[in-house]
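Working notes, beginning with the structure itself.
Excluded from the calculations below are hydrogen atoms, water molecules and symmetry mates; all remaining heavy atoms, backbone and side chain alike, are included. Residue numbers run from 1 in the order of the sequence given. Treat the numbers as computed from the prediction; the structure is a model and nothing was measured.
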Amino acid sequence: MKTELPHNPGLEVPLLHAGAPMETYGSDAVAQMLRSLEIPYVTLNPGASFKGLHDSLVNYTGNVLPQMLLCLHEESAVAIAHGYAKASGKMMAATVHSNVGLMHASMALFNAWCDRVPLLLLGASGPLDAAQRRPWIDWIHTCSDQGSLVRDFTKWDNQPASVPAIHEAMLRAVQIANTAPRGPVYINLDVGLQERKIGALPPLPELSRFQAPAPAAPAPELLAKAAALLSGAKNPVSLCGRGSRSMEAFSNRVALAEKLQAYALIDGRSGSSFPTDHPLHPAAPCGMVPGRAAQAMLRSADVILSLDWVDLGGLLKQVFKDAPVSAKIVNASCDVYSHRAWSMEHHVLPPVDVPLLCESDAAVSALLPVVRARAERAPAPQEEPAARPNTEELCIYDIAQAFNRATRGEAVCLTRVPIGWNNRYRQFSHPLDYMGGDGGGGLGAGPATTIGNALALRGGKRMTAAILGDGDFLMGATSVWTAVHYKIPCLMIISNNRGYYNDEVHQANVAKTRSRPLENKWIGQRLVDPALDLAMMARSQGAVGIGPVKTEKDLVEAIEKGLESVRAGNVCLVDVNVAPGYE
């Protein structure tokens, strides 16, 4: 039996509230600490290794602060937590079952790591005491060093062996995760410790003494050098990469660009970090390959201010090729603290003249009062709007145009766009207008991170919507059930080209190189015979499913109907058949 509370839709309330329990267990200490840390939600897919913690979250803390969110896959559980932190700036937790759940969740954890998002992942193992293990199942689900599975893409992991150690591990984990550069942390809870009677819980430490440190400021001598370079520049450019979603930080970036009369460029992977309709943002946002206007702008720059740009070295290499980088580079980033040997997500090593070892927001706040204002210069010519591809079928351009018309004047958080999206299709003027990529480039994150974004924005005035590729949706499709069950309204528009077109491009390139027939590029790629009914997949989980949409008239009506459905509090999916191809 469920009781729906109006202040927290979808909350499942325990049937009995017995008051203070007569006895306490190790897992109660975990639940108590989660509440004290004000972790709002814990996503999970149930597992025997944390049945003690599951009971504590239900019967010790009453499924309130934190509230459990049931997911159908561990990867979705972690991706929802990722999306929530990305939109809100606040951490939530996810729980995964033993080594098998951790392996399921590892892709989503890698995404959060690459995206520099704080996330508390709780895991569990079979009993460390071999004498307590059940035959077969507890043995195959117990590891001697479970954290080693994900150690190369987490900031820290630990396996506490007592209740005081649980308290310290959780305090340290949250502190580390929220210290820049932010990232996921993992705590593995022995099932024996969770289920052990412990008597009275020890008093909690004074939480205010274990907070993450305030953002570091740039070194004064480096700040002065950066300010001098930027103040004296004739053609400065600001690369707006990772930054917080606060309106104050967003406004500061704009104020700095205006004071310096610096052209700005945003990175589509990092989301909306500067208004793209501003006169100082003349080029389309960067994708994996910068457009011609962006490249020309960077080649003519004499000073480039990089605000935690993802893969700065790669961008400069694409623009300047093998020639020396002509501009002076001021780089505001502390990403170097996250670089490891296992993963190459540190990217190309960039040439940097002034390294400001701090977060981009801190650098902007420090630079704004000390740089010299420049006279307003003539606005750069704005890049031409994107043209519609020459195809008789619907295409991503049509989705963008219909979506733009239907949402004109409405606050919308566009969480994701598909690979074939042209970055000139939509303008962004608020830090929550666009969330950017998934970090690690793995398919399947789009639906669940969208739900996490929507969870963070639920109850506000901003609608959450995503335009997803069919491959991305199919790998994370079962996350829709969680959104419906917990009443997290959002719209998912599927740009359905009925295949893995990105790999068709790769196969075509291989065929060209080897002088083999291009006509065979689709084999092993196309999702046809039978076609997948994506709208039915949504309806089977309780969402509104519309489609497949195949005409422009039906597309406009479907998107408007979908938006109305979300305004009414529903989860809606619109399946749009589009022509394969990039625009």
Please tabulate, one pair per line, all N/O donor-acceptor pairs under 3.5 Å involving side-chain atoms of residues 207-214, not counting sequence neighbours.
from: S208; atom 1: OG; to: E206; atom 2: OE2; distance (Å): 3.3
from: Q211; atom 1: NE2; to: L207; atom 2: O; distance (Å): 2.8

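Residue pairs meeting the salt bridge (Lys or Arg N to Asp or Glu O under 4.0 Å) criterion with at least one partner in residues 31-53, sequence neighbours excluded, are K51-E195. Pairs engaging residues 74-89 under the salt bridge (Lys or Arg N to Asp or Glu O under 4.0 Å) rule: K86-D115 [sequence neighbours left out]. Among pairs with a residue in residues 432-444, those fulfilling salt bridge (Lys or Arg N to Asp or Glu O under 4.0 Å) read R416-D438, D433-R462, at least two apart in sequence or across chains.
Under 4.0 Å is where a charged nitrogen must lie from a carboxylate oxygen, and between R116 and E359 no such pair does. Between R253 and E248, no side-chain nitrogen of the basic residue sits less than 4.0 Å from a carboxylate oxygen of the acidic one, so the salt-bridge criterion is not met.
Under the 3.5 Å distance criterion, with hydrogens and angles disregarded, no donor-acceptor pair is assigned to the side chains of S98 and S49. Looking only at atom types and distance, the side chain of S360 has no donor-acceptor partner in the side chain of D308 under 3.5 Å away. Under the 3.5 Å distance criterion, with hydrogens and angles disregarded, no donor-acceptor pair is assigned to the side chains of Q67 and Y486.
The ring pair (Phe, Tyr, Trp, His ring centres under 6.0 Å) check on W481 picks up H485, with sequence neighbours excluded. Evaluation of the ring pair (Phe, Tyr, Trp, His ring centres under 6.0 Å) rule for H347 yields no partner, not counting sequence neighbours.
Judged by distance alone, with hydrogens and angles left aside, the side-chain atoms of N63 form no donor-acceptor pair with the main-chain N or O of V13 at under 3.5 Å.
Between F110 and W342, the ring-plane angle classifies as perpendicular under the 30° and 60° cut-offs.
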